[in-house]
Amino acid sequence: MAMVIGEASGPVLWPLADPIPHVFDVAGPRSDGRLVVAAGGKLFLMDQASGALDRFAGGPGGYPGAGGEEPYIAVVPAAVATRTTFRGDDVFVLQLKPAGGILRIDSEGIAHPFANVAGVDLMNGITFDVTGAFGYRLLVTGAHAHHSTVAAIDGDGHVTVITAQAPTVEGGLAVAPPTFGKFAGDLIAPDELSGRIYAIAPDGSSQLVATPDLAHGGDVGVEAAGFIPDIELARATVYFADRATPGNQHPGTDNLLALSGAELARAGGAAGDLLVGTEGGAGLVAVRCDLTSCRVTSIIADNGTSHGEGHIVVAMGAASAAFGPAPAAVRSSTPPAPVALVVGSVAAGLIVVLMLALAVTRRRRRAQ
């Protein structure tokens with residue numbers, strides 16, 4: 001298939017939210033509109049309007065942490081819950097140690113062993129099939145012998161290996177909607193090492209979708225994927241986790257990045273497009289495919305700071321006011337000033353003003 005490179009209509013920046021320590025993935029929304037956020041071995045529910053985070057599955061019998069740094073998550077969507085034995089709002093989490101395990105966290109926050117995929121060295125991707133091409137099952141990927149195993153799991157935990165010979169992929173996965181041309185219904189998966197985006201069909205075959213003009217390599221290339229649903233973009237928000245990674249060339253900010261749907265539309269994104277983000281710099285492109293070609297449009301350029309991880313989620317609802325406007329956006333390779341430094345600077349300024357005011361008062365008294 002041919003690939004066409006498009007241009008964004010104007011500069012777009014990632015606004016930052018209040019910090020979420022060690023954030024690395026976001027999923028949902030749930031039926032109540034809240035998003036599930038994975039951060040530092042814990043799960044949280046985030047209200048989009050207020051930005052408030054409530055600990056989820058943190059009590060007795062709750063989420064124990066999955067081991068490793070990137071145990072990605074997926075939330076059962078309504079399209080799956082109404083057609084299968086999956087329960088709406090349940091959260092599924094990759095178990096990295098031991099490899100191959102998957103946990104189910106029910107809506108009450110209780111953890112249950114769910115399934116195990118044999119023959120993988122590391123689980124590295126998870127999503128739900130919302131189209132029916134894979135039978136509305138949970139789809140997971142795992143690495144082994146320089147290939148990827150793709151497995152489909154039903155609501156009762158029965159595992160079917162789709163292929164053990166898929167290209168090397170990892171990170172946020174997504175299943176293409178019926179409008180995505182030749183790749184409709186396929187599992188879309190990025191490979192950060194090569195910078196390629198692959199489509200894996202229900203029969204296990206793989207095809208190249210596109211290779212965006214983005215940097216590639218370990219901890220740098222395409223990391224996350226997510227489709228823009230058929231919703232009113234002016235009332236939607238795009239979310240992407242930006243995890244702090246000390247010592248990395250892209251140190252990250254420990255924020256959940258949040259781009260307004262209006263800005264996405266202004267930059268050329270539309271319903272049915274695939275959004276793909278990079279790990280190094282959180283660069284964002286939109287991919288649109290028909291039966292003969294795919295068009296790639298730049299939405300946000302890589303910056304030198306962000307460290308993107310996990311899925312890209314486009315959800316209805318305006319982000320919290322805590323998700324700052326352009327002045328709070330990631331603009332360059334210089335990390336944002338820590339809050340403590342900002343507060344200290346403001347305090348120092350106030351002290352100087354008070355000292356000057358006191359000096360003026362003393363001079364007036366002496367003059368009298």
Side-chain angles (χ1 to χ4, degrees), residues 1-15 24-26 70 72 124-125 141 148 167-174 176 180 183 186-200 206-228 238-243 245 248-253 255 257 259 263-264 266-270 273-289 293-314 329-333:
M1 290 185 66
M3 184 180 74
V4 180
I5 303 297
E7 295 294 336
S9 61
V12 178
L13 303 169
W14 277 118
F24 64 86
D25 203 5
V26 59
E70 299 168 6
Y72 297 129
N124 56 20
T141 58
S148 292
T168 299
V169 297
E170 72 159 298
L173 310 177
F180 202 59
F183 306 112
D186 289 355
L187 175 67
I188 307 300
D191 172 27
E192 66 180 38
L193 300 178
S194 67
R196 296 168 180 163
I197 305 167
Y198 290 103
I200 303 168
S206 301
Q207 294 186 70
L208 177 66
V209 176
T211 307
D213 185 18
L214 297 166
H216 60 273
D219 284 352
V220 174
V222 286
E223 161 74 14
F227 280 91
I228 305 174
V238 184
Y239 297 95
F240 188 19
D242 181 359
R243 188 187 72 186
T245 310
N248 191 278
Q249 62 178 316
H250 298 93
T253 67
N255 280 268
L257 306 177
L259 177 71
E263 284 287 279
L264 173 62
R266 183 173 73 83
D273 285 358
L274 169 69
L275 296 180
V276 177
T278 61
E279 184 166 354
L284 188 71
V285 299
V287 183
R288 188 175 305 166
C289 294
S293 65
C294 290
R295 180 182 180 85
V296 179
T297 298
S298 174
I299 302 295
I300 299 178
D302 293 353
N303 63 68
T305 299
S306 292
H307 194 102
E309 291 284 0
H311 296 84
I312 293 174
V313 171
V314 184
V330 180
R331 292 178 177 275
S332 69
S333 60

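Because only heavy atoms are used, hydrogens play no part in the values below, and waters and symmetry mates are left out as well, while side chains stay in.
The two residues Leu208 and Arg196 have their closest heavy-atom pair at CD1-CB, 3.6 Å. When every heavy atom of Val285 is checked against every heavy atom of Ser298, the shortest pair comes out as CG1-CA, 4.2 Å. Looking at every heavy atom in both residues, Ala199 comes nearest to Ile188 through CB-CD1, 3.8 Å. Closest heavy-atom contact between Ser148 and Thr168: OG-CA, 3.5 Å. Nearest heavy-atom pair across Thr211 and Ser194 is CG2-O, 4.4 Å. In terms of heavy atoms, Phe240 sits closest to Ala224 at CE1-CB, 3.5 Å.
Not a single donor-acceptor pair under 3.5 Å links the side chain of Thr297 to the backbone N or O of Arg295. When atom types are taken as modelled, the side chain of His216 and the backbone of Gly221 share no donor-acceptor pair closer than 3.5 angstrom. Asn124 places a side-chain N or O within donor-acceptor distance of the main-chain N or O of Val169, the cut-off being under 3.5 Å. Using modelled atom types, no side-chain atom of Asp191 and backbone atom of Val222 make a donor-acceptor pair closer than 3.5 Å. The backbone N or O of Asp219 sits less than 3.5 Å from a side-chain atom of Glu192, completing a donor-acceptor pair.
Looking only at side-chain heavy atoms (C-beta outward), Ile197 and Leu274 come within less than 4.5 Å of each other. With contacts defined as side-chain heavy-atom distances shorter than 4.5 Å, the pair Val220/Gln249 qualifies. Proximity of Ile312 to Leu284: side-chain heavy atoms (C-beta onward) are separated by under 4.5 Å at one or more points.
For Phe227, the ring-ring contact (aromatic ring centres under 6.0 Å, His included) partners at least two apart in sequence or on another chain are Phe180. Glu170 meets the salt bridge (charged side-chain N to carboxylate O under 4.0 Å, His left out) test with no other residue; sequence neighbours excluded.
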